[in-house]
J.: 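Submitted below is the structure of interest, expressed as structure tokens.
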Amino acid sequence: MSYMALYRKWRPVTFDGVKGQDHIVQTLQNQIISQRIGHAYLFCGTRGTGKTSIAKIFARAVNCEHPQNGSPCNECPACRAILEGASLNVVEIDAASNNGVENIREIREQVQYPPTEGKYRVYIIDEVHMLSTGAFNALLKTLEEPPSYVIFILATTEVNRIPITVLSRCQRYDFKRISIPTLVDRLKELTEAEQIPVEDRALAYIAKAADGSMRDALSLLDQCVAFHYGKLLTYDNVLEVLGAVDTTVFGSLFRAVTEKDTKACIYQLEELVMQGRELGQFVNDFIWYLRNLLLLATADDAEQLLEMSEDNIRMMKEEAALEEPETLMRYIRVFSELSNQIRYSSQKRVLVELAFIKLTKPAMEHNYDSILQRIQDIEDRLEDGSFMAGGGPALYGAPAGGYAAGYGGQTGNQGEGAAPAGSSLGAGASGTPGGQTLGTGSSPGGISPAQIPQAPQQVELPPGQLEDLNMVRNEWGKIIREIGGSIRSSFRNTVVEPAGESCLCVVFTSPEAYAIGNRPTALGEIERHVEAAFGKAIYFKARLAGTGERLDTIYVSRQELEEKIHMDIQEEDF
């Protein structure tokens, strides 16, 4: 007897053999047991999830002479005839090659005649979305009011292409992707029955590569077993056959990317190409790897979402901490775009190399998230002092020794790297001695009248509001640094002002930064961080500073204001 592929040999013949679609199986069994059988069903879902298999089981079950708990017995003459393909009661039609009006007319003529044996005539139309518009229209009337002995089962992978008039006439069942543990359990069961020696790790990778499809999983297993027939099927064997890459390679590549080592990335990619790895599969697997890093960096208890060993999770946690979540999202975007391009390209290697250059050289891109990463890189270099090596200017023409875009603060308590007095840059004026006006600067020839230092205004605040203001102002630079990401870059040149009871206002000097910082998500993140750090709920608002507006107001209590007034009077008398 000729060899039969595993997915054909192990196609389920009863509802109990169907894996991963319990919600559909239970519903159909209940309908058969209670004799509440519909006249039209629509099975939709991704490939290899059991649509056709369940349709065939259902066709036998409704005609079975001795059904067992809603499943066919597969022993009676009706079941045997259907299994052997000799029954006229079950008709399978491939709509991809029989999609014309004349094909539907043949069905309409056939349904006029009742079955010679059995109870129902069942028409299984696979890939029904391939029918032409005329064929759908020809099917409508028969689909809505078929004879009592006719059942239609329509199967499709693209339900969005089914006309709404057809959808409304069918009971719709959505087939889910089969989970990796369910696929692994089924593969173990089959390899034991077939006496195939295989490592559990190899089965886990095959299940992952199948992407929720039982048929794909069995086909991949068949392919791997054929290549290493009679030997233990190992994880490395599976990677070799499928052209895949070990996860340790992803970790090595990711670390090279975080170190901005373009040369190392290109060398490692060349080694993968020389090993014969399939670059399309590599790109998809690397996206999945980056997705896992992002989950570990952002989600609570992300370990429950990842199906991997504790050692791998511990290693990936270390790697996830090397980059900000926003940067990981940029990496995923770059490789997702690459995934769409590479499938049609004849120069796959060049496209992958270009993607790694984009990751390691964000200055080559001019979109929003790459700019954020460039700002993050500058901040990291400022913190460790490498940006100031050689005693050069701090940044973009700012005087040596000071960073023009400070976090802002009040007089006597400058934020991180606040601009020094006399800086010609308008940003960062808040918190500088002398209370200079935003947007003004000194000229080589002397000081203009607009730059003559003026005493800052003093404003009285209630004790509670002053306490909240000072508490946040004193730690404002630290708060922004600890939150990091886009907040760290957009809130750098800001000032905190009072805005009422338990409310503070963040004042921006840059319209671009204000557009980012004014988002409810950004302000909400600051509110949560402040509440966690100080145990006090404070509401935050944001506004954009006006042209020439001074942001050096000193807020004091009534007692401090009275003491200052008393001291001024004594000086005048003296």
J.: Between Asp285 and Gln281, is any side-chain donor less than 3.5 angstrom from a side-chain acceptor?
T.: yes

J.: Using atom types as modelled and distance alone, determine if a side-chain donor or acceptor of Gln21 lies under 3.5 Å from a backbone N or O of Thr49.
T.: yes

J.: Assess the side chains of Arg11 and Ser53: does a donor N or O sit below 3.5 Å from an acceptor N or O?
T.: yes

J.: Take Leu140 and Val166, measure what side-chain contact (heavy atoms from CB on, under 4.5 Å) needs, and give me the verdict at the end.
T.: CA-CA 7 Å; Leu140 284 180; Val166 173; 3.7 Å; yes

J.: Which heavy atom of Cys76 sits nearest a heavy atom of His66, and at what distance?
T.: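 Cys76 and His66 have their closest heavy atoms at CB-CD2, 4.3 Å.
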
J.: Under a 4.5 Å cut-off applied to non-hydrogen side-chain atoms, are Arg343 and Asn340 in contact?
T.: yes

J.: Can you check whether Arg60 reaches Ile57 side chain to side chain, under 4.5 Å on heavy atoms?
T.: yes

J.: Passes side-chain contact (heavy atoms from CB on, under 4.5 Å), Phe58 versus Ile37? Steps please.
T.: CA-CA 10 Å; Phe58 186 76; Ile37 299 172; 3.9 Å; yes

J.: Do Ile107 and Asn103 come within less than 4.5 Å of each other through their side chains, counting heavy atoms only?
T.: no

J.: Report the C-alpha distance between Phe356 and Phe335 in whole Å, list the side-chain angles of each, state the deciding distance to 0.1 Å, and finish with yes or no for ring-ring contact (aromatic ring centres under 6.0 Å, His included).
T.: CA-CA 9 Å; Phe356 276 110; Phe335 266 79; 5.3 Å; yes

J.: Do Thr360 and Thr262 get their side chains close enough for a donor-acceptor pair, meaning under 3.5 Å?
T.: yes

J.: Under 6.0 Å from the ring centre and within 45 degrees of the ring axis: does the NZ or CZ of Arg277 meet both conditions for the six-membered ring of Phe282?
T.: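 No, cation not above the ring by the 6.0 Å, 45° rule.
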
J.: Determine yes or no for a side-chain-to-main-chain donor-acceptor pair under 3.5 angstrom, with Gln195 supplying the side chain and Glu192 the backbone.
T.: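 No, Gln195 side chain to Glu192 backbone: no donor-acceptor pair under 3.5 Å.
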
J.: Could you tell me whether the side chain of His39 and the main chain of Val150 form a donor-acceptor pair under 3.5 Å?
T.: no

J.: Is Arg349 paired with Glu353 through a side-chain N to carboxylate O contact shorter than 4.0 Å?
T.: yes

J.: In the structure I gave you, are the side-chain heavy atoms of Phe254 and Leu290 within less than 4.5 Å of one another anywhere?
T.: yes

J.: Please answer whether the main-chain N or O of Val111 pairs with a side-chain N or O of Tyr149 as donor and acceptor at a distance below 3.5 Å.
T.: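 Present.
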
J.: For Lys141, give me all partners under salt bridge (charged side-chain N to carboxylate O under 4.0 Å, His left out), at least two apart in sequence or on another chain.
T.: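 Counting only residues at least two positions away or on another chain, Lys141 forms a salt bridge (charged side-chain N to carboxylate O under 4.0 Å, His left out) with Glu145.
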
J.: Does the plane of the ring in Phe250 sit parallel, tilted or perpendicular to the ring in Phe286? Use 30° and 60° as the thresholds.
T.: tilted

J.: Looking at Arg528 and Glu525, is there a salt bridge between them, counting it only when a charged N and a carboxylate O are closer than 4.0 Å?
T.: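 Salt bridge: no.
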
J.: Flag the pair Ile54 / Tyr173 as yes when at least one side-chain heavy-atom distance between them is below 4.5 Å, and no otherwise.
T.: no

J.: Taking C-beta and beyond as the side chain, do Leu6 and Glu194 meet within less than 4.5 Å on heavy atoms?
T.: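 Touching, per the 4.5 Å side-chain cut-off.
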
J.: Take Thr165 and Phe136 through the test side-chain contact (heavy atoms from CB on, under 4.5 Å) and record every step on the way to the result.
T.: CA-CA 9 Å; Thr165 50; Phe136 272 123; over 6 Å; no

J.: Tell me if a side-chain donor or acceptor on Asp222 pairs with a main-chain N or O of Leu218 at a distance below 3.5 Å.
T.: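 Side chain of Asp222 to backbone of Leu218: no pair is present.
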
J.: Tell me, do Glu271 and Gln275 make a side-chain contact under 4.5 Å, heavy atoms counted?
T.: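 In short, these two side chains touch, coming nearer than 4.5 Å.
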
J.: Hey, is Lys176 close enough to Asp174 for a salt bridge, meaning N to O under 4.0 Å?
T.: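 Answer for the salt bridge query: no.
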
J.: Between Tyr331 and Glu323, do the side chains contain a donor N or O and an acceptor N or O under 3.5 Å apart?
T.: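 There is such a pair between these side chains.
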
J.: For Arg177, give me all partners under salt bridge (charged side-chain N to carboxylate O under 4.0 Å, His left out), at least two apart in sequence or on another chain.
T.: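 In terms of salt bridge (charged side-chain N to carboxylate O under 4.0 Å, His left out), with neighbours along the sequence ignored, Arg177 is linked to Asp211.
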
J.: Has the side chain of Gln29 got a donor or acceptor atom that lies under 3.5 Å from a matching backbone atom of Asn69?
T.: yes

J.: Pairing donors with acceptors under 3.5 angstrom, does anything connect the side chains of Thr182 and Ser179?
T.: yes

J.: Distance-only, no hydrogens or angles: does the Thr157 side chain make a donor-acceptor pair with backbone N or O of Arg47 under 3.5 Å?
T.: no

J.: Between Asn63 (side chain only) and Asn89 (backbone N and O only), is there a donor and an acceptor less than 3.5 Å apart?
T.: no

J.: Can you measure from CG (Leu187) to CG (Leu203) and round to the nearest 0.5 angstrom?
T.: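 Nearest 0.5 Å value for the CG-CG distance: 5.5 Å.
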
J.: Would you check, one step at a time, whether the test salt bridge (Lys or Arg N to Asp or Glu O under 4.0 Å) holds for Arg105 with Glu102?
T.: CA-CA 5 Å; Arg105 285 175 179 166; Glu102 62 278 2; over 6 Å; no

J.: Could you tell me whether Glu337 and Arg333 have a side-chain N and a carboxylate O separated by less than 4.0 Å?
T.: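 Yes, charged N to carboxylate O under 4.0 Å.
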
J.: I'd like to know if the side chain of Ser345 and the backbone of Gln341 have a donor-acceptor N/O pair within less than 3.5 Å.
T.: no

J.: Compute whether any side-chain donor of one residue and acceptor of the other, for Glu189 and Trp10, lie under 3.5 angstrom apart.
T.: no

J.: Residues in side-chain contact (heavy atoms from CB on, under 4.5 Å) with Glu158, at least two apart?
T.: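 Result, side-chain contact (heavy atoms from CB on, under 4.5 Å) vs Glu158: His129, Thr156, Asn160, Arg161.
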
J.: Any donor and acceptor pair, going by atom type alone, linking the side chain of Glu324 with main-chain N or O of Glu326 inside 3.5 Å?
T.: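 Between the backbone of Glu326 and the side chain of Glu324 there is no qualifying donor-acceptor contact (under 3.5 Å).
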
J.: Are side-chain heavy atoms of Ile196 and Leu190 found at a separation under 4.5 Å?
T.: no

